[in-house]
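Counting begins at 1 with the first residue of the sequence. Just the heavy atoms: all of them, side chains too, but no hydrogens, waters or symmetry mates, feed the values below.
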Amino acid sequence: MASVQLKNSSMEATPSVAQSNPQIKDTIIQLLSNLAHPKEIEQYLKRFVGAGKTHFAVIKVGGAVLDNDLDNLCSSLAFLQQIGLFPIVVHGAGPQLNLKLEQANIVSEFIDGQRITTPSVLTVAKKTFVQQNLKLANRLQTMGVKTASITSGVFTANQSKNTQLGLVGEVSKIDLEPISMAIKSGAIPILSSLAETESGQCLNINADIATNQLAIALKPYKIIFLTESGGLLNEAGKVISSVNLVTEYNQLIQEPWLHGGMKLKVKQVAEILSQLPSTASVSITKPANLAKELFTHKGSGTLIRR
Ligand code: X2W
């Protein structure tokens, strides 16, 4: 992966509400008491709060989750914000774009998980991504959660070297300022996977790739992929609770049951974690189980570490 230039890398780790007001800690522990022992919750809380407001978590929300699990997603995000933790959300909108292109009779094809993006695909993509961003933001706002929709200004990209992909971007620079400003104003930043070239041409980026690049730039404590399946699934269709990349990666990647999309995800996760401090980890879980995955030893989805 080409190295990404970072603007505003000196973004300070501002204290969260729980850090500046220790009394809130007890309320949080009480709120989570049905999930695990208070000591366990406290241990995680300390870690997350210690990571600072802007470095707690980057959360990728797949487009399918926005269609099928929006209520659980918004409740989980609202809970995090109420306890003073500000996740940075990157959303996808793949299924919604598939539908819109089909309705417009525009053919859409993929190469290795990336959509071939012609000018007419890009026009529909921009509209669809902004609509999905606002759908999530509006729902959160009706729950009293302040949000900042960020659909440009963070990712600068070059057009992909694979010319067959058309208007697809490879991230070259990340500006953290819009994210930092949003969090300072008490809002959850919600990012769409769109970039611009230096000359202002809009480009489409796969939302997983945008998330990975942002995570490498921000070095958050947690990187979370929210999916409908709630984790990596084994041969029997059950969620694999943890993967240690040091001891299990080689075997896992060769398993015949690990299908293409998941294999790609495991490879990408290994690449992100290789560029982050060893304290960082990746979780794949479903929206309803986000707090359980974050605050308990047992977790609820797949925890990947190295
Ligand atoms: C993706 C961006 C959206 C996305 C696309 O056009 O579908 C490229 O493939 P999901 O819901 O996370 O799949 N862009 C270049 O990744 O959404």
Side-chain angles (χ1 to χ4, degrees), residues 35 57-81 87-104 108 110 113-115 121 124-145 147 149 151 188-194 204-212 222-234 236-241 258-266 268-269 282-294 299-304:
L35 293 180
V58 171
I59 299 185
K60 152 82 199 300
V61 180
V65 167
L66 293 178
D67 266 354
N68 306 324
D69 209 3
L70 191 61
D71 285 343
N72 282 323
L73 170 68
C74 290
S75 306
S76 291
L77 293 177
F79 173 74
L80 291 180
Q81 201 232 20
I88 295 152
V89 177
V90 181
H91 75 88
Q96 293 86 348
L97 180 53
N98 289 342
L99 185 68
K100 284 270 158 58
L101 291 172
E102 207 180 297
Q103 285 167 350
S108 167
F110 289 81
Q114 303 223 69
R115 190 186 305 269
V121 168
V124 183
K126 274 199 284 192
K127 207 170 148 199
T128 308
F129 296 174
V130 173
Q131 268 170 359
Q132 293 302 314
N133 187 315
L134 294 180
K135 179 173 89 176
L136 174 58
N138 289 341
R139 180 67 74 89
L140 282 166
Q141 279 161 28
T142 61
M143 297 168 80
V145 180
T147 60
S149 290
T151 56
I188 292 185
I190 302 176
L191 277 72
S192 298
S193 60
L194 290 167
N204 183 7
I205 331 176
N206 171 288
D208 278 350
I209 295 177
T211 304
N212 297 346
K222 292 281 323 181
I223 301 136
I224 300 158
F225 290 88
L226 293 179
T227 63
E228 280 192 291
S229 62
L232 287 182
L233 305 182
N234 66 14
K238 291 237 161 67
V239 170
I240 301 170
S241 61
L258 192 75
H259 66 81
M262 285 295 175
K263 195 174 278 187
L264 192 69
K265 196 155 240 163
V266 172
Q268 284 177 351
V269 167
V282 171
S283 290
I284 306 173
T285 190
K286 54 170 81 171
N289 292 341
L290 184 57
K292 196 171 174 202
E293 178 64 25
L294 284 171
S300 69
T302 306
L303 175 69
I304 309 177

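Note that the CD atom of Glu102 and the CG atom of Asn98 stand 8.0 Å from one another [nearest 0.5 Å]. Between the CD1 atom in Ile284 and the CE atom in Met262 there is a gap of 6.0 Å [rounded to 0.5 Å]. The distance from the CD atom of Gln114 to the CD1 atom of Ile209 is 4.0 Å, given to the nearest 0.5 Å. Interatomic distance, Gln141 CD to Ser149 OG, rounded to the nearest 0.5 Å: 7.0 Å. Rounding to the nearest 0.5 Å places OG1 of Thr128 at 7.0 Å from CG of Leu101. In this structure, the separation between OG1 on Thr147 and CG on Leu140 is 6.5 Å, given to the nearest 0.5 Å.
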Step by step, work out the side chain to side chain contact (heavy atoms under 4.5 Å, CB included) result for Val266 and Leu258.
CA-CA 10 Å; Val266 172; Leu258 192 75; 4.2 Å; yes
Trace of the side chain to side chain contact (heavy atoms under 4.5 Å, CB included) decision for Leu80 with Leu294
CA-CA 10 Å; Leu80 291 180; Leu294 284 171; 3.8 Å; yes
Evaluate side chain to side chain contact (heavy atoms under 4.5 Å, CB included) for Arg139 paired with Thr142, printing each intermediate quantity in order.
CA-CA 5 Å; Arg139 180 67 74 89; Thr142 61; 4.1 Å; yes
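Side chains of Leu233 and Val239 form a contact here, defined as non-hydrogen atoms less than 4.5 Å apart.
Across Cys74 and Leu136, no two heavy atoms sit closer than the pair SG-CD1, 3.8 Å. Counting all heavy atoms, side chain and backbone alike, Leu226 lies closest to Lys286 at CD2-C, 4.0 Å. Arg115 and Gly94 get closest at one heavy-atom pair: NH2-O, 3.3 Å. Taking each heavy atom of Ile59 and Pro87 in turn, the nearest pair found is CD1-CB, 3.5 Å. Taking both residues in full, the closest heavy atoms of Thr227 and Pro287 are given as O-CD, 4.0 Å, listed atom of the first, atom of the second, then distance. Here the closest non-hydrogen pair linking Ala57 and Ile224 is CB-CD1, 4.3 Å.
A search for side-chain hydrogen bond (donor to acceptor under 3.5 Å, both in side chains) contacts involving Ser300 returns Thr285, not counting sequence neighbours. Annotation: side-chain hydrogen bond (donor to acceptor under 3.5 Å, both in side chains) contacts of Ser283 (sequence neighbours excluded): Lys222, Glu293. For Gln132, the side-chain hydrogen bond (donor to acceptor under 3.5 Å, both in side chains) test picks out Gln96, Lys135, with sequence neighbours left out.
Screening Lys126, His91, Gln131 for a side-chain hydrogen bond (donor to acceptor under 3.5 Å, both in side chains) involving Ser192 leaves a single residue, His91. Evaluated for a side-chain hydrogen bond (donor to acceptor under 3.5 Å, both in side chains) with Lys60, the options Asp208, Asn212, Thr211 yield exactly one hit, Asp208.
At distances below 3.5 Å, not a single donor-acceptor pair connects side-chain atoms of Asn289 with backbone N or O atoms of Gly301. The backbone N or O of Gly92 sits nowhere less than 3.5 Å from a side-chain atom of Ser193 that would complete a donor-acceptor pair. When atom types are taken as modelled, the side chain of Asp69 and the backbone of Val65 share no donor-acceptor pair closer than 3.5 angstrom.
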